[in-house]
Amino acid sequence: MTAQLDAPHDLVGIGIGPFNLSLAALAQGLPDQGAGELATAFYDQRHDFRWHPGLLIDGTTLQVPFLADLVTLANPTSPWTFLNYLRHKERLFPFYFAEQFHIQRAEYDAYCRWVAGRLPGLHFGHQVDAVRWNPERDLFEVDYTQLDTDGEAVALGRTYTRSLALGIGTAPYVPEPLRPLAEAPTVPVIHSADYLDNRRRILGAEHVTVIGSGQSGAEIFLDLLRSRPAGRERLTWLARTPSFAPMEYSKLGLEHFTPDYTRYFHALPEPVRDQLVPAQWQLHKGIDAGTIAAIHEELYRRTLDGGWPDAVLTPGVSVRTAGRVATTKVELHLDHAQQGTRSRLTTDAVVLATGYRERPLTGLLAGLDPYLRKDSSGRPRIDERHRMILDPSVTGSIFVQNGERHSHGVGAPDLGLAAWRSAAILNTLTGKEPYPQPARTAFTTFGLEQPEHTRPRPAGELRPLVDHP
């Protein structure tokens, strides 16, 4: 292995998704704690930026406004804003007249690729293999493998850094009963993450089943519905949730995705946080109301000549087991929770819109395990500033991006908090405040006890029932 013995970095980011890309964009040109410029490097094993390429279905939009780009909510004067991207592409006036607050996913992906292609210090085709703490140098060691376009190792390297930012993202989740079928190349059982790559194959199947009640499941069902002839749709849409429910998108409901709520959630006891996260599924796992309306409109349109579309939409259903029938069909064994009934469904293809799970950090951070402080469930403890709590002997920091839902709540994976979190990380890292943070971000006061600078001022403000000394 060849070790780079030049000056260590101030920050090394592992993974280049939207969150670490936001961090890299806001870090550019910042001063370090001395007189120089903040030295950063970001690594990703992929060879270019890709954001959910399998779900960039024509016409699908983000569920957050375009202001939730990489930088605007921390620094609207940054050269890396979405509006500046449009200006460079000479599309600013068309966007102005389009009056679109929610942009298409494909456009968000193109914007991020534009930023990634111009920012210095991004190293694609570099797989980080291990991270260790070097107590003699008071630095983290980061070992990586440089890969060619075929994924083969080209060279090994090592770099040193004072701090780390983990942004390795999430991985598609396949329920246990369906994993053997999803791993079999001859059986058309795919995760929604691979939908576009397999769309032609799925459309050619006689009967298609979509499993999952979230936004991606709804978008895929709608795309399949629009692509199949009336009366011969042969579609089934199943979901574990008790209904195909709309995403919570009221103005006050959206305040759960503010820094105020994040701080409130972080201060709650761990058992309370663990109860809250699954109960808040409709804040981030529901379906956009416009998509629900488009599905109903398409189904209704197919009744105009009499008859009903050959489409079955059934919530409250879970897949107990699954198996192959002959060589080309799949049999799903289903449970209906409310009825207490069981049934079988034979289908020719299955699309699993079953979401994503945080990638485990245990392998990557195995060399740091003795230094990590964990909660009662074995998860990393993370402080309010998005830093892992480490043994006091470690003078560096490890920041976490989209791996802290258990400690920071439903906003952890939300694009709308990306710039704010990146700014908070850089404020901590530099020991200064290059990005001043708003004292208050929500009209809702989430608890009876609030930090003084965020408390409402009008007469009649709420006060705790018990005064603490």
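Classified by interplanar angle (parallel below 30°, tilted 30° to 60°, perpendicular above 60°), the ring pair Phe66/Phe95 is perpendicular. Ring geometry for Phe93 versus Tyr96: interplanar angle over 60°, hence perpendicular rather than tilted (30 to 60°). Between Trp114 and His88, the angle of the ring planes lies from 30° to 60°, which puts this pair in the tilted group. Note: Tyr43 and His123 have parallel aromatic rings, judged against thresholds of 30 and 60 degrees for the angle between ring planes.
Counted within 6.0 Å of CG on Asp369, heavy atoms from surrounding residues, nucleotides or ligands total more than 12; the atom is thus considered enclosed. The number of heavy-atom neighbours closer than 6.0 Å to CZ of Arg240, taken from other residues, nucleotides and ligands shown, is 12 or below. Counting heavy atoms of neighbouring residues, nucleotides and ligands inside a 6.0 Å radius, atom OH of Tyr249 exceeds 12 of them.
Partners of Glu433 by side-chain contact (heavy atoms from CB on, under 4.5 Å), not counting sequence neighbours, listed by chain and number: Asn427, Pro436.
In summary, the side chains of Thr258 and Asp260 do not present any donor paired with an acceptor at a separation below 3.5 Å, with no hydrogens or angles considered. No donor-acceptor contact under 3.5 angstrom links the side chains of Ser397 and Arg385, judged on distance only. Side chain to side chain, Glu219 and Thr291 fail the donor-acceptor criterion of an N or O pair below 3.5 Å. Side-chain contact of Gln63 with Asp288: a donor-acceptor pair under 3.5 Å is absent, judged by distance alone.
For the pair Val410 and His284, the tightest heavy-atom approach, listed with the atom from each and the gap, is CG1-CD2, 3.8 Å. Of all heavy-atom pairs between Ser227 and Arg199, the closest is OG-NH2, 3.0 Å.
Remark: Arg273 does not engage Glu270 in a salt bridge, criterion side-chain N to carboxylate O under 4.0 Å. Arg381 has no carboxylate O lying under 4.0 Å from a charged side-chain N of Asp375, or vice versa, which leaves the two without a salt bridge. Electrostatic pairing of Lys89 and Glu107 does not count as a salt bridge here, judged by no charged N lying under 4.0 Å from a carboxylate O.
Asp69 contributes atom CG, which lies 3.5 Å from atom OH of Tyr111 (distance to the nearest 0.5 angstrom). Once rounded to the nearest 0.5 Å, the distance linking CG of Leu70 with CZ of Phe82 reads 11.0 Å.
Remark: of the listed residues Thr441, Leu415, Leu283, Thr262, Leu283 is the sole one forming a side chain to side chain contact (heavy atoms under 4.5 Å, CB included) with Phe257.
Residues Ile295 and Trp237 form a side-chain contact, since some pair of their non-hydrogen atoms from C-beta on lies under 4.5 Å apart.
Ring-centre distance between His386 and Phe399: not below the 6.0 Å cut-off.
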Mind running side-chain hydrogen bond (donor to acceptor under 3.5 Å, both in side chains) on Asp223 and Tyr195 for me, showing each step along the way?
CA-CA 11 Å; Asp223 183 59; Tyr195 175 66; 2.6 Å; yes
What do the steps show when you test Gln104 against Leu56 for side-chain contact (heavy atoms from CB on, under 4.5 Å), and what is the final call?
CA-CA 8 Å; Gln104 293 196 22; Leu56 301 181; over 6 Å; no
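For the pair Asn20 (side chain) and Gly15 (backbone), a donor-acceptor distance under 3.5 Å is present. Side chain of Asp109 to backbone of Pro53: no donor-acceptor contact under 3.5 angstrom is found.
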